[in-house]
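Presented below is the structure to which this report refers.
Side chains are part of it too, since the values below use all heavy atoms of this structure and drop only hydrogens, waters and symmetry mates. Numbering of residues begins at 1 and proceeds along the displayed sequence.
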Amino acid sequence: MWIVTDTPGDAAAAITRAEAALADRPGPPRPTLESVPADAVVSRLADGRPAAAWLTLTGPRADELEAELTEALSDQQVGVALTRDDLGLPAGAEVDTGVVALPPDASPEAAGVVMATLLSHASALRSLAAEARLLQAQSTGMAGQFDKIDEELRMAVKIQRRFMPQELPDADGLGFDVLWRPAGYVSGDIYDVARLDEDHVGLFIADAVGHGVPAALVSIFIKNSIQTRRITPGVGAGYRLLPPGEALATLNRAMIELDAGQASLGTAAYALLNTKTQRLTVARAGHPAPLLLRGDGRTQWLEPDGAMLGIFPEEVFEEQTFDLDDGDRFLLYSDGFEVAFPGCDQAGRLANEHYAAEFEGLRRGSGEEALDFLQGRLDLQSGSLNQRDDLTVVCTSVTALADVATNRAAADRVEARAVA
């Protein structure tokens with residue numbers, strides 16, 4: 001136990017007082033008492049710490065030394081008894097965390113109780129200090145691991161974004177906009193809007209089962225496995241665009257061949273849009289029904305049949321075809337919206353119906369303005385900073401019809417001849 005004084009002449013008296021206080025105390029053997037000058041405490045702590053310390057400060061620097069020494073000793077989990085002429089507190093009163101008062105006029109019995117209490121706590125404090133050091137080391141190691149994971153996830157999202165269109169195609173009379181909002185760093189949702197040839201644009205959305213990195217990896221596999229056109233062999237070889245149902249059937253077989261258990265499951269929807277006729281054919285594989293917001297105020301849910309990807313090898317994916325008109329807005333979206341707007345609204349609609357009402361607000365403004373509006377609505381929801389699922393919307397807007405009627409008539413004649 002250190003007996004610390006700031007006045008050399010007080011050291012002997014302080015030792016004598018400490019010996020008297022501990023002389024008749026029962027319990028463990030009396031500790032070794034060592035006189036340590038106040039200005040040597042900090043340097044001595046670098047070599048080892050005492051079980052407890054008794055500071056007797058009477059010099060002109062008492063205030064300064066009290067702050068410095070009590071902080072240094074407390075940082076090392078050393079209990080401190082503090083004696084000062086002007087302290088004004090009874091023996092054992094708390095001065096600060098880990099520091100108790102020991103007035104100059106305290107009786108040997110009172111001083112003995114204070115010091116014996118500090119000494120009895122020393123073993124527990126040493127154990128706690130060792131545990132704290134271990135926890136600190138573990139915390140530092142975990143922080144390093146978290147930093148590494150954070151860095152890897154940031155790289156993962158950059159890679160995933162590379163598999164999505166860097167810019168959306170241009171088409172006369174049509175506008176394409178996307179909202180992509182992962183629940184974490186990466187997303188189980190993936191999408192594509194790609195020009196397939198001069199007259200066609202493919203619209204694709206998929207949602208891998210699960211969340212986080214595993215789902216993101218499967219979503220990239222899905223994106224790489226979807227086939228939208230196929231080379232035709234022979235003289236004058238060219239290509240043909242795969243109808244949506246055939247494209248999803250090909251993707252379904254690839255998911256089954258992946259053979260990765262639940263990770264091989266997912267949903268998708270694919271639409272083939274003729275930009276000249278503004279005629280759209282869509283198929284889906286267990287995905288939420290695409291939504292058509294008509295310019296005249298009508299709402300159409302498109303529900304072609306088709307099971308989830310990765311289950312039935314010979315699944316047939318039904319197609320629906322319809323013509324887009326001026327002011328129409330066609331939406332492909334992920335199932336995260338079913339839980340993005342919790343609770344019931346004033347009309348009593350359930351949560352999984354509420355999102356449909358929110359989508360009605362997407363009729364207004366340009367496609368970009370509509371998705372900005374939806375983004376704002378999502379931000380207002382409780383828990384929006386910790387959303388429950390990935391959210392994606394692919395929005396196609398009809399802004400003009402131009403010569404669509406003529407082009408449709410020509411397309412109908414070609415199709416009629418092909419059937420005949």
Under a 4.0 Å threshold between the charged nitrogen and the carboxylate oxygen, would R61 count as salt-bridged to E66? no

Nearest atoms (heavy-atom pairs only) where A101 meets L87: CB-CD2, 3.5 Å

Main-chain N/O of L102 paired with T83 side-chain donor or acceptor, under 3.5 Å: yes

Not counting sequence neighbours, list each pair that qualifies as a salt bridge (Lys or Arg N to Asp or Glu O under 4.0 Å) and has a residue in residues 278-305. R279-D323, R279-D412, R294-D325, R294-D328, D296-R298

Closest non-hydrogen atoms of F312 and A307, given as atom of the first, atom of the second and distance, are CD1-CB, 3.7 Å

Salt-bridge test for E246 and R240: reply yes if a basic N is under 4.0 Å from a carboxylate O, no otherwise. yes

For E318, does the CD atom sit with more than 12 other heavy atoms under 6.0 Å from it, leaving out its own atoms? yes

Is it the case that R363 and T299 place a side-chain donor and acceptor less than 3.5 Å from each other? yes

Does atom CG of D75 have more than 12 heavy-atom neighbours, drawn from other residues, nucleotides or ligands, at distances under 6.0 Å? yes

I'd like to know if the side chain of S74 and the backbone of E71 have a donor-acceptor N/O pair within less than 3.5 Å. no

Could you point out which residue of D389, D379, D390 forms a salt bridge (charged side-chain N to carboxylate O under 4.0 Å, His left out) with R181? D379

CZ (R162) with more than 12 external heavy atoms under 6.0 Å: no

Taking the side chain from Q76 and the backbone from A72, do they hold a donor-acceptor pair closer than 3.5 Å? no

Report the distance from atom CG of L203 to atom OG1 of T281, rounding to the nearest 0.5 Å. 11.0 Å

Between K223 and D192, is there a side-chain N and carboxylate O pair less than 4.0 Å apart? yes

Got a donor-acceptor contact below 3.5 angstrom from the T275 side chain to the D199 backbone? yes

Got more than 12 heavy atoms from elsewhere within 6.0 Å of CG, D172? no

N/O donor-acceptor pair under 3.5 Å between S334 side chain and T392 backbone: yes

What's the shortest heavy-atom distance between A38 and V4, and which atoms? CA-CG1, 3.6 Å

Between Y185 and M155 (side chain of the first, backbone of the second, donor and acceptor by atom type, cut-off under 3.5 Å), is there such a pair? no

side-chain hydrogen bond (donor to acceptor under 3.5 Å, both in side chains) partners of D63, counting only residues at least two apart: R84

Under the rule for side chain to side chain contact (heavy atoms under 4.5 Å, CB included), what residues qualify as partners of A156, not counting sequence neighbours? V186

Students often mix this up, so state it plainly: with edges at 30° and 60°, are the rings of F322 and F330 parallel, tilted or perpendicular? tilted

Shortest non-hydrogen separation from W2 to R44 and the atoms involved: CH2-CB, 3.5 Å

Test item: Q166 side-chain N/O and R161 main-chain N/O as donor-acceptor pair under 3.5 Å: yes

If you count heavy atoms of other groups shown closer than 6.0 angstrom to CD of E314, is the number above 12? no

Salt bridge E151-R154, side-chain N to carboxylate O under 4.0 Å: no

Ring centre gap for F337 and F359 strictly below 6.0 Å: yes

